[in-house]
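To start, the structure under review is shown below, and the notes come after it.
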Number of protein chains: 2
Amino acid sequence: MLVCPGSEAKSQHQAVHDTLDVVSGKWKLIILAVLLVRPYRFKELSRELGVSPRILSKELQEMEGHHLVTRTVCNTRPVSVEYACTAHSRTLLPVVQAMADWGYLHYEAVVGSKRPDDPTPRRHTDRD
Amino acid sequence: MLVCPGSEAKSQHQAVHDTLDVVSGKWKLIILAVLLVRPYRFKELSRELGVSPRILSKELQEMEGHHLVTRTVCNTRPVSVEYACTAHSRTLLPVVQAMADWGYLHYEAVVGSKRPDDPTPRRHTDRD
DNA sequence: CTGTATCCCGTAAGATACTG
DNA sequence: CAGTATCTTACGGGATACAG
């Protein structure tokens with residue numbers, strides 16, 4: 001039941017709001033989910049997520065500013081840049097994990113028929 | 001380390017994306033966080049969150065459409081409406097809880113000096 | 001390859017006033 | 001009190017082309 005660790009000074013919804021402040025937008029949490037698996041290069045991320053370079057660049061810059069990713073330039077021939085999650089962004093793992101779990105288990109039941117590549121037959125045992 | 005429950009068919013970032021689909025926007029998760037504590041009436045919610053009735057109405061309608069809240073009209077004198085979370089929205093508790101926890105513990109460290117009403121002295125033991 | 005610069009658009013979000 | 005109508009604005013997000 002939504003407890004807060006030994007403090008009433010900040011309301012729960014304020015805390016959620018704060019977190020939302022950092023991971024707002026359509027992409028930050030998704031980028032984080034990917035980078036939590038392994039580091040990626042710029043284009044790799046762009047391809048994997050299907051996001052245009054402009055957006056990706058902007059998101060990564062904001063996340064770097066919040067110390068959620070590191071940006072490492074590698075001395076390769078055409079120059080490649082590797083992005084990786086930080087110790088701090090790993091503290092967001094519970095959030096990402098919870099979201100991934102929920103997406104796996106409950107998305108179809110709430111939204112209804114999903115994308116064609118996942119024809120789950122509405123196993124809907126729990127009630128509303 | 002970001003595991004998925006017995007399936008590789010859907011990538012983690014796809015699952016996160018799906019969840020984001022349902023709880024997108026600035027308010028849904030916050031509304032949920034509040035309603036997970038106890039039911040609220042419309043105006044109560046509006047006051048508590050500081051959100052205009054138009055936005056609140058829209059959000060609540062979408063959430064009702066996704067079966068994340070119930071809307072109950074009470075037979076009181078001026079008519080009051082109570083909103084409450086559903087069994088299904090309670091499956092999102094881990095997400096909300098994770099976000100609330102993170103907000104409590106890590107927001108200041110990432111963003112820097114916070115709002116004046118919470119002058120936490122930067123307990124910053126972990127490294128970047 | 002890694003980005004940035006423009007341009008563009010849809011919509012999220014807010015203010016205000018009004019109706020049932 | 002509960003909500004809707006209208007209007008407006010800002011920003012998120014995308015395509016494309018281009019620069020380092």
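Here the structure is a predicted model, which means the values were calculated and not measured. In what follows, chains are A, B, ... by sequence order, proteins preceding strands, each numbered from 1. Note that these values count all heavy atoms, side chains included, but never hydrogens, waters or copies made by symmetry.
For the pair Arg47(A) CZ and dT2(C) P, the computed distance is 11 Å after rounding to whole Å. In this entry the distance linking NZ of Lys28(A) with C1' of dC11(D) reads 12 Å, nearest Å. Between the CD atom of Glu48(B) and the P atom of dC1(D) there is a distance of 15 Å, rounded to whole Å. Atom CG of Asn75(B) is separated from atom P of dG20(C) by 20 Å (rounded to the nearest Å). Straight-line distance from the CZ atom of Phe42(A) to the C1' atom of dA19(D): 14 Å, rounded to whole Å.
Counting heavy atoms from C-beta on, the side chains of Leu45(B) and Val34(B) come closer than 4.5 Å. In this structure, the side chains of Phe42(B) and Leu60(B) come closer than 4.5 Å at one or more pairs of heavy atoms.
Within 4.0 Å of Glu82(B), counting heavy atoms only, lies no atom of the nucleic acid at all. Backbone-only contact: Arg71(B) has heavy atoms under 4.0 Å from sugar-phosphate atoms and none from a base.
The phosphate of dC1(C) has neither OP1 nor OP2 within less than 4.0 Å of any side-chain N or O from Tyr83(A). Contact between the side-chain N/O atoms of Gln61(B) and the OP1/OP2 oxygens of dG3(D) is not found at any separation under 4.0 Å. Within the structure, a side-chain polar atom (N or O) of Lys43(B) is placed less than 4.0 Å from OP1 or OP2 of dC1(D).
A side-chain donor-acceptor contact under 3.5 Å links Thr19(B) to the backbone of Gly103(A).
In this structure, the nucleotide among dC1(C), dG3(C), dG3(D) sitting nearest to the side chain of Ser57(A) is dG3(C).
Closest approach of Trp102(A) and Val95(B) over heavy atoms only: CB-CG2, 4.4 Å.
Classification of Arg41(A) and Glu82(A) as a salt-bridged pair fails, no side-chain N sitting under 4.0 Å from a carboxylate O. A salt bridge links Glu44(A) to Arg38(A): at least one charged side-chain nitrogen sits closer than 4.0 Å to a carboxylate oxygen.
For Gln61(B), the side chain to side chain contact (heavy atoms under 4.5 Å, CB included) criterion is met by Ser57(B), not counting sequence neighbours.
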Each nucleotide N or O in nucleotides 13-16 of chain D that has a protein N or O under 3.5 Å away: list the pair and distance.
| from | atom 1 | to | atom 2 | distance (Å) |
| --- | --- | --- | --- | --- |
| dG13(D) | OP1 | Lys26(A) | N | 2.7 |
| dG13(D) | N7 | Arg54(A) | NH2 | 3.1 |
| dG13(D) | O6 | Arg54(A) | NH2 | 3.3 |
| dG14(D) | OP1 | Lys26(A) | NZ | 3.2 |
| dG14(D) | OP2 | Trp27(A) | NE1 | 2.9 |
| dG14(D) | O6 | Arg54(A) | NE | 3.0 |
| dG14(D) | O6 | Arg54(A) | NH2 | 3.4 |
| dA15(D) | N6 | Arg54(A) | NE | 3.4 |

